[in-house]
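Read through the structure below, which is laid out as structure tokens, and then see the notes.
Order of the sequence lines fixes the chain letters, A, B, ..., with proteins taken first and strands second; residue numbering starts at 1 for each chain. The structure displayed is predicted, hence computed values, not measured ones.
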Number of protein chains: 2
Amino acid sequence: MSKDSRDVPAPPWRKSRRPAQVKRQLSQELIVETGLRILDAEGFDALSMRRVAQELDTGPASLYAHVSGKEELLELIYDRVLSEVRLPEPDPARWKEQLREYAQEVHRVFREHADVARAALANIPTGESSLRAGEFTYGLLIEAGMPPAEASLAMDRLTLYLVGDAYEGSLHWARMRAAGMSGPEEYFQAFVAQIISYYQGLPRERFPHLSEHVMDLTAGDGEDRFTYGLELLLDGIEARMPKA
Amino acid sequence: MSKDSRDVPAPPWRKSRRPAQVKRQLSQELIVETGLRILDAEGFDALSMRRVAQELDTGPASLYAHVSGKEELLELIYDRVLSEVRLPEPDPARWKEQLREYAQEVHRVFREHADVARAALANIPTGESSLRAGEFTYGLLIEAGMPPAEASLAMDRLTLYLVGDAYEGSLHWARMRAAGMSGPEEYFQAFVAQIISYYQGLPRERFPHLSEHVMDLTAGDGEDRFTYGLELLLDGIEARMPKA
DNA sequence: ACCTGAACACCGTTCAAGT
DNA sequence: ACCTGAACACCGTTCAAGT
């Protein structure tokens, strides 16, 4: 699985599966890609230094020549994922649409790498891709006319929202995986069913609204919820934007 | 440290420090309180089943009679913390003020238990206190006139914001602790200084806005940021509230 | 029913030793 | 400079055995 598929089978008399001269050189990039592959395939809990090392046919200590530790590895993986975010040419006159498109694009990328958000919160962006994204949003708000001090706050909160939502989503993925389910539909079904029966059993005197509107409480999927919150934020920002 | 301070010193000829008949009985409540104490004093990373057991003078296996595992323990601690949130009598005519006060109250409680948010994301509220809080916000929105389906989305996003912000804050706390710093001021100082010098060193052609407004980017503290985002959300909700 | 010791299958990181 | 094996100090959970 970790082997390059172009490899030819080793002859049975060879003792080491991967002779020294063919063995891949370690490098930070290789370590990051390997980590991301594990993250995508098996989730956050499966990502460990030892596991990455194993995948690269070496011991965990070898990684420390290229990466200062697990925390740095997670930051590098995060920035690697952010590099998949495509940014348009900024057009401040269309700041709201562009911010919306940007947010949906980040959301899309985070959905493809479900667990990477768990490596992201509270990281001041310092990687190449994080900085690109930051410059884009910040420039857009400022060129649209927002004072820089306020634009800082708005950008900060928007970023928190994107990462927070993705983080929440990744915890759902983890639960799904733990339950050994095949896909989101099955998980969603089972999960919603559980909640419905739980909420319906609540004492109606003490929880009148929760118990009355069970179906509404369990209606929206992740996309609906994400979009609703995004529009709340964008509208709030728009209301604060100085009139042109 | 884990011993009750009213305890009298044991006579030197007694072999076991805590004789069986005096030993505290284990109970779910005791385990939760012990876990919360560790969380508050030493942070999320210090909280382990083994550590809780040690604090209670027993082995980790003993906890499993009262708690299904670490995940459940975290949920119980979370609900225990939420029980400190004080709720007013709902007054739908003042829904916005009450929601604002509620959010600030949750924020205050989360600040006193910095790391508990890390136990919270993606948990559908099922504990007593979570349900109370949910009934309060949901009822307020509905009685103020919002359709139940939309109120579900609004409540969900507001909750995500509260927990996400607290989570981010707790990661800062963890870093502070790891750096062996005495308090938030020192951490904040050092952290901001780092960011300032980093951003100032950025190539100005590629990151014109970020490098120009370094002081604005590092200006707001956690409270400013929290309040700004909260007002964004509340304004967005207000704009969607049917006119009375 | 509740508690326990011992074991299992893992962690991240360090360090002296090798090349 | 880069890589390694072995060790250190931890994890969460299970299980057979005790009371």
Side-chain angles (χ1 to χ4, degrees), chain A residues 2 15-32 34-35 38-39 41-77 115 118-119 171 174-175 177-180, chain B residues 2 15-32 34-35 38-39 41-77 115 118-119 171 174-175 177-180:
Chain A
S2 79
K15 280 218 182 98
S16 62
R17 289 191 302 125
R18 191 186 290 280
Q21 62 272 31
V22 167
K23 185 165 185 177
R24 279 169 299 188
Q25 283 298 119
L26 282 184
S27 71
Q28 191 177 84
E29 206 205 320
L30 185 56
I31 291 170
V32 169
T34 308
I38 296 171
L39 199 66
E42 297 169 62
F44 189 81
D45 294 332
L47 177 60
S48 69
M49 299 298 277
R50 298 179 107 101
R51 181 62 203 287
V52 171
Q54 188 196 96
E55 210 79 16
L56 294 167
D57 280 329
T58 182
S62 304
L63 306 179
Y64 286 80
H66 301 93
V67 135
S68 70
K70 192 178 185 181
E71 197 178 316
E72 189 182 88
L73 176 57
L74 289 173
E75 279 172 33
L76 291 167
I77 292 176
D115 277 3
R118 286 166 85 169
L171 291 187
R175 290 191 167 203
R177 242 189 298 255
Chain B
S2 81
K15 281 220 184 97
S16 61
R17 291 190 304 124
R18 193 187 288 281
Q21 63 273 29
V22 167
K23 183 163 185 179
R24 278 169 300 189
Q25 283 297 119
L26 283 184
S27 71
Q28 191 176 83
E29 206 204 321
L30 185 58
I31 291 170
V32 169
T34 307
I38 296 171
L39 198 66
E42 297 169 62
F44 189 81
D45 294 333
L47 178 60
S48 70
M49 298 300 275
R50 297 180 108 101
R51 182 63 203 286
V52 172
Q54 189 196 94
E55 211 79 17
L56 294 168
D57 282 330
T58 184
S62 304
L63 307 179
Y64 287 80
H66 301 92
V67 135
S68 72
K70 192 177 186 183
E71 196 177 319
E72 189 182 88
L73 176 56
L74 289 173
E75 278 171 35
L76 291 167
I77 293 176
D115 278 2
R118 288 166 84 171
L171 291 188
R175 290 191 168 202
R177 243 187 299 255

Handout entry: Note: Asp45(B)-Arg51(B) ion pair, threshold 4.0 Å (strictly below)
Key = no
Handout entry: Interatomic distance where CG belongs to Leu30(B) and P belongs to dC2(C) [whole Å]
Key = 14 Å
Problem - Donor-acceptor contact below 3.5 Å, side chain Glu72(B) vs main chain Ser68(B) - result: yes
Problem - Thr58(A) side chain, from C-beta outward: closest of dT4(D), dC3(D), dC2(C) - result: dT4(D)
Distances under 3.5 Å between protein N/O atoms and the N/O atoms of nucleotides 16-19 of chain C, please, pair by pair.
none

Handout entry: Beyond-backbone contact of Leu47(B) with Glu42(B), side-chain heavy atoms, under 4.5 angstrom
Key = no
Exercise for the section: List for me each residue that meets side chain to side chain contact (heavy atoms under 4.5 Å, CB included) alongside Ala53(B), sequence neighbours excluded, and say none if there are none. Expected result: Thr58(B), Pro60(B), Leu63(B)
Completion exercise
Gln28(A) CD to dA1(D) C1', in whole Å, measures 15 Å
Handout entry: Heavy-atom closest contact (Leu30(B) atom, Leu26(B) atom, distance)
Key = CD2-CA, 4.4 Å
Handout entry: pair Lys70(A)-Glu75(A): side-chain heavy atoms closer than 4.5 Å
Key = no
Exercise for the section: May I ask you to say whether Glu71(A) pairs ionically with Arg175(B), meaning some side-chain N is under 4.0 Å from a carboxylate O? Expected result: yes
Exercise for the section: Kindly say if His66(A) contacts the phosphate of dC3(D), meaning a side-chain N or O under 4.0 Å from OP1 or OP2. Expected result: yes
Exercise for the section: Nearest whole angstrom, please: distance from the C1' of dT4(D) to the CG of Asp57(A). Expected result: 14 Å
Problem - All side chain to side chain contact (heavy atoms under 4.5 Å, CB included) counterparts of Glu29(A), not counting sequence neighbours - result: Ser27(A)
Handout entry: Identified stems (criterion: three or more consecutive Watson-Crick or G-U pairs, under 3.5 Å), DNA chain C
Key = C:4-8 with D:12-16, C:12-16 with D:4-8
Fill in the blank from the handout: When rounded to whole Å, the CG to P distance for the pair Leu63(A) and dG5(D) reads 13 Å
Practice task
Provide the closest heavy-atom pair for Ile31(A) versus Leu56(A) in the form atom of the first, atom of the second, distance.
Solution key: CG1-CD1, 4.1 Å
For nucleotides 10-15 of chain C, print each protein N/O atom paired with a nucleotide N/O atom at under 3.5 Å, atom names and distance only.
unit_1	atom_1	unit_2	atom_2	d
dC11(C)	OP1	Ser48(A)	OG	3.1
dG12(C)	OP1	Met49(A)	N	3.2
dG12(C)	OP1	Lys70(A)	NZ	3.1
dG12(C)	OP2	Met49(A)	N	2.9
dG12(C)	OP2	Arg50(A)	N	3.4
dG12(C)	N7	Arg50(A)	NH1	2.5
dG12(C)	O6	Arg50(A)	NH1	2.6
dT13(C)	OP2	Tyr64(A)	OH	2.6
dT13(C)	OP2	Lys70(A)	N	3.0
dT13(C)	O5'	Tyr64(A)	OH	3.2

Practice task
Please report the closest heavy-atom contact between Asp115(A) and Phe44(A), naming both atoms and the distance.
Solution key: OD2-N, 2.5 Å
Practice task
Find the distance Leu56(A):CG to dC2(D):P and express it as a whole number of Å.
Solution key: 16 Å
Exercise for the section: Kindly compute the distance separating CD (Glu55(A)) from CZ (Arg50(A)), expressed to the nearest 0.5 Å. Expected result: 15.0 Å
Practice task
Considering only atom P, compute the distance from dA9(C) to dA9(D) and round it to an integer number of Å.
Solution key: 23 Å
